[in-house]
Amino acid sequence: MTQRLAIHGGEPVIREPFPAYRSLGEEEAVAASRVLKSGVLSAYIGARGEAFMGGPEVRALEAEAATYFGVKHAIAVNSWTSGLITAVGVLDIEPGDEIIVTPWTMVASATAILMWNAIPVFADIDPETYNIDPRAVEAAITPRTRAIMAVDIFGQSADLPALRAIAVRHNLKIISDTAQAPGARIGKAYAGTVADIGGYSLNYHKHIHSGEGGIIVTNDDRLARRAQLIRNHGEAVIESEEPGELRNILGFNFRLGEIEAAIAREQLRKLASKVASRQRVVEQLREGLQGLEGLDLAHVAPGNTHVYYMLGMRLDIARIGVSRVDLAGALRAEGVTGLGVGYQNVHRFPLFRNGIAYGTSGFPWSGLEGQPKRPSTQPCPVAERLHECEFISLNICAHEFTQAETALVVDAFRKVWANLGELRQRG
């Protein structure tokens, strides 16, 4: 005999909220105190000289991150949005150029393109990994395409081998937005490091964090140098008179503070253990949820590892016979927190649908002489279908998830699925 669902008056499986995820400890307190005692909260100066590259904590973080991720260059910035703006700027982008990006991402992936007066063009996603679909990328290429932004959504790398082959055929650059996947592997390399330029978020709800912050990674000396210039008012220090070298060196203040850098150093040392913890949780979830009708957990592509910022799941509503809204409501009533329904389709946001960013005339989509308007809102039927009725997710970074807590989540799912008949009748 099945237990009565909590949404219909039964006892919930999870009766007390799980403790919130916390990656900070005494080590970070000591690191922050060390900086405070030094009296130097930032050592940057936006002018020529040694201080152009920042203070000792920033430089130590960059050296340690470069070693950890196995790259020549790591450049610290004050947010990953800053990192994305920088990564686009270093690629010699011209106004009106196009960069292909996924609609399943945080909006900064697309607005970073607009910041340089270029046009984001959205390409559909793979229904099993939720990353950008290389076939959709190739179909979106035009003579104005200059780069592909591959967002490693939810915790695993996009299909970089396929995207690299496309980039080689069409002479394109690749940016890896690996905000949600630090520590994930693609083959033997870390996600984010096999593109021309990539990087990671240190925002507060990521695997590791310093409150805000980001780390750009690249093996290209020229791109690294341009990133350092854009980060810190490069127009004040660049000496070249060549137009190509001056292009897009409109320096910003994207400088990470010394306290945040010191905290990030401690957090970086914890990354491997935090990744292993999330992988353990999802392994237990996969085993426990196996066999539930119409529930398909995110696939991990061959050669990849997944670090599970979120666990994506696809519902076969026709087989289940219950709407996604009713399923989510029943799961939440059982105490499951961090449950997401759908995911943002950035290409459907008003700014992109209307093609209005700078002023009201449609620039940069239109406004360049002789250039027809190129909308960003190309159809993305897979992304739209998943968002509207098939996709749910579990925020793995919301809690630490002990084995016992993970078992309760499994029990909640299995209880709801055992009562599908009741949900169908009441639906």
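By convention here, the first residue in the shown sequence is residue 1.
Side chain of Thr86 to backbone of Ser82: a donor-acceptor contact under 3.5 angstrom is found. A donor-acceptor pair is defined here as one N or O able to donate and one able to accept, closer than 3.5 Å; such a pair exists between the side chain of Asn248 and the backbone of Ile93. Counting only distance, with no hydrogens or angles, the side chain of Arg59 and the backbone of Gly54 share a donor-acceptor pair below 3.5 Å. Side chain of Arg348 to backbone of Glu384: no donor-acceptor contact under 3.5 angstrom is found. At least one donor-acceptor pair under 3.5 Å links the side chain of Asp177 to the backbone N or O of Ala179. A donor-acceptor pair under 3.5 Å is formed between the side chain of Arg231 and the backbone N or O of Ala76. Under the 3.5 Å distance criterion, the side-chain polar atoms of Asn354 are matched with a main-chain donor or acceptor of Pro350. Distance alone, capped at 3.5 Å, is enough to place a donor-acceptor pair between the Thr193 side chain and the Tyr190 backbone. With hydrogens and angles ignored, the 3.5 Å screen pairs no side-chain donor or acceptor of Gln267 with any backbone N or O of Ser210. Of the possible donor and acceptor atoms, one in the side chain of Asn131 sits under 3.5 Å from a partner among the backbone N and O of Ile153.
When the shell of 6.0 Å around NZ of Lys173 is examined, it contains 12 or fewer heavy atoms from other residues, nucleotides or ligands. Around CD of Glu293, the count of heavy atoms belonging to other residues, nucleotides or ligands within 6.0 Å exceeds 12. Atom CD of Glu283 is surrounded by 12 or fewer heavy atoms from other residues, nucleotides or ligands within 6.0 Å. Within a 6.0 Å sphere centred on CG of Asn171, heavy atoms belonging to other residues, nucleotides or ligands number 12 at most. Residue-environment remark: OH (Tyr358) exceeds the threshold of 12 foreign heavy atoms within 6.0 Å.
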Working for salt bridge (Lys or Arg N to Asp or Glu O under 4.0 Å), residues Glu388 and Arg324: CA-CA 9 Å; Glu388 289 165 7; Arg324 184 178 62 177; over 6 Å; no
Evaluate Ser109 against Leu84 for side chain to side chain contact (heavy atoms under 4.5 Å, CB included), listing each step before the verdict. CA-CA 7 Å; Ser109 305; Leu84 285 169; 4.2 Å; yes
One pair to check against salt bridge (Lys or Arg N to Asp or Glu O under 4.0 Å): Arg22 and Glu400. What are the steps and the verdict? CA-CA 7 Å; Arg22 181 179 176 87; Glu400 197 66 51; over 6 Å; no
Pair Val346, Val101 - check side chain to side chain contact (heavy atoms under 4.5 Å, CB included), show working. CA-CA 10 Å; Val346 172; Val101 66; over 6 Å; no
Side chain to side chain contact (heavy atoms under 4.5 Å, CB included) for Glu98 and Thr142? Distances and angles first, verdict last. CA-CA 8 Å; Glu98 297 172 358; Thr142 75; 2.7 Å; yes
Going through the checks in order, is the salt bridge (Lys or Arg N to Asp or Glu O under 4.0 Å) test met by Arg269 and Glu64? CA-CA 9 Å; Arg269 297 182 179 106; Glu64 290 162 10; 3.7 Å; yes
Apply the test side chain to side chain contact (heavy atoms under 4.5 Å, CB included) to residues Tyr308 and Val275: give CA-CA distance (whole Å), side-chain angles for both, the deciding distance (0.1 Å), then the verdict. CA-CA 8 Å; Tyr308 299 107; Val275 166; over 6 Å; no
Quick one: do Arg144 and Glu94 satisfy salt bridge (Lys or Arg N to Asp or Glu O under 4.0 Å)? Show the steps, please. CA-CA 10 Å; Arg144 294 207 66 88; Glu94 296 280 355; over 6 Å; no
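Ring geometry for Phe352 against Phe349 counts as tilted: the plane angle lies between 30° and 60°, on a 0 to 90° scale. Taking the six-membered ring where tryptophan is involved, the planes of Tyr343 and Phe391 are perpendicular, since the angle between them exceeds 60° and thus also 30°. Ring pair His347/Phe122 is tilted by interplanar angle, where 30° to 60° counts as tilted.
Smallest separation of non-hydrogen atoms from His306 and Met310: CE1-O, 3.9 Å. Taking all atoms of both residues into account, the shortest heavy-atom contact from Leu311 to Ile396 is N-CG1, 3.8 Å. Thr305 and Gln279 make their closest contact through CB-NE2, 4.1 Å (heavy atoms, listed as atom of the first residue, atom of the second, distance). Nearest heavy-atom pair across Ser323 and Ile317 is C-CD1, 4.3 Å. Shortest non-hydrogen contact noted between Arg225 and Phe52 is NH1-CE2, 4.1 Å. Taking every heavy atom of both residues into account, Asn345 and His387 meet most closely at ND2-CB, 3.3 Å.
The side chain to side chain contact (heavy atoms under 4.5 Å, CB included) test with His73 singles out one residue from Ile216, Asp221, Val217, and that residue is Asp221. When each of Ile249, Asp220, Leu91 is tested with Arg226 by the rule side chain to side chain contact (heavy atoms under 4.5 Å, CB included), just one qualifies, namely Ile249. Of the candidates Val194, Asp196, Ile166, Ile174 forms a side chain to side chain contact (heavy atoms under 4.5 Å, CB included) with just one, namely Asp196.
Annotation: the span from Leu5 atom CG to Leu331 atom CG amounts to 9.5 Å, rounded to 0.5 Å. Taking CG from Leu172 and CG from Leu163, the interatomic distance works out to 10.0 Å, rounded to the nearest 0.5 Å. To the nearest 0.5 Å, atom CG of residue Leu386 and atom CD1 of residue Ile392 are 12.0 Å apart. To the nearest 0.5 Å, the span separating CZ on Arg15 from CD on Glu334 amounts to 10.5 Å. With rounding to the nearest 0.5 angstrom, the CZ atom of Arg146 is 10.0 Å from the CD1 atom of Ile99. Separating the CD atom in Glu62 from the CG atom in Leu256 is a distance of 8.5 Å, to the nearest 0.5 Å.
Taking Ala87 as the reference, Ile175, Ile197 meet the side-chain contact (heavy atoms from CB on, under 4.5 Å) condition, with sequence neighbours excluded.
In this structure, Ile100 and Ile141 have side chains that are in contact, with non-hydrogen atoms separated by less than 4.5 Å. Glu212 is listed as a side-chain neighbour of Asn203, based on a closest heavy-atom distance under 4.5 Å. With contacts defined as side-chain heavy-atom distances shorter than 4.5 Å, the pair Val282/Phe401 does not qualify. Side-chain contact check for Trp365 versus Ile119: some heavy-atom pair is nearer than 4.5 Å. Side-chain contact check for Val382 versus Asp133: every heavy-atom pair is 4.5 Å or farther apart. The shortest side-chain heavy-atom distance between Arg314 and Pro127 falls under the 4.5 Å cut-off. In this structure the side chain of Trp417 reaches within 4.5 angstrom of the side chain of Ile320, judged on heavy atoms. Side-chain contact between Asp316 and Asp296: absent, with no pair of heavy atoms (C-beta onward) separated by less than 4.5 Å.
Taking the ring axis of Tyr21 as reference, the NZ or CZ atom of Arg278 stays within 45° of it and closer than 6.0 Å to the ring centre.
The pair Asp92-Arg222 meets the salt-bridge criterion, since a charged nitrogen lies less than 4.0 angstrom from a carboxylate oxygen.
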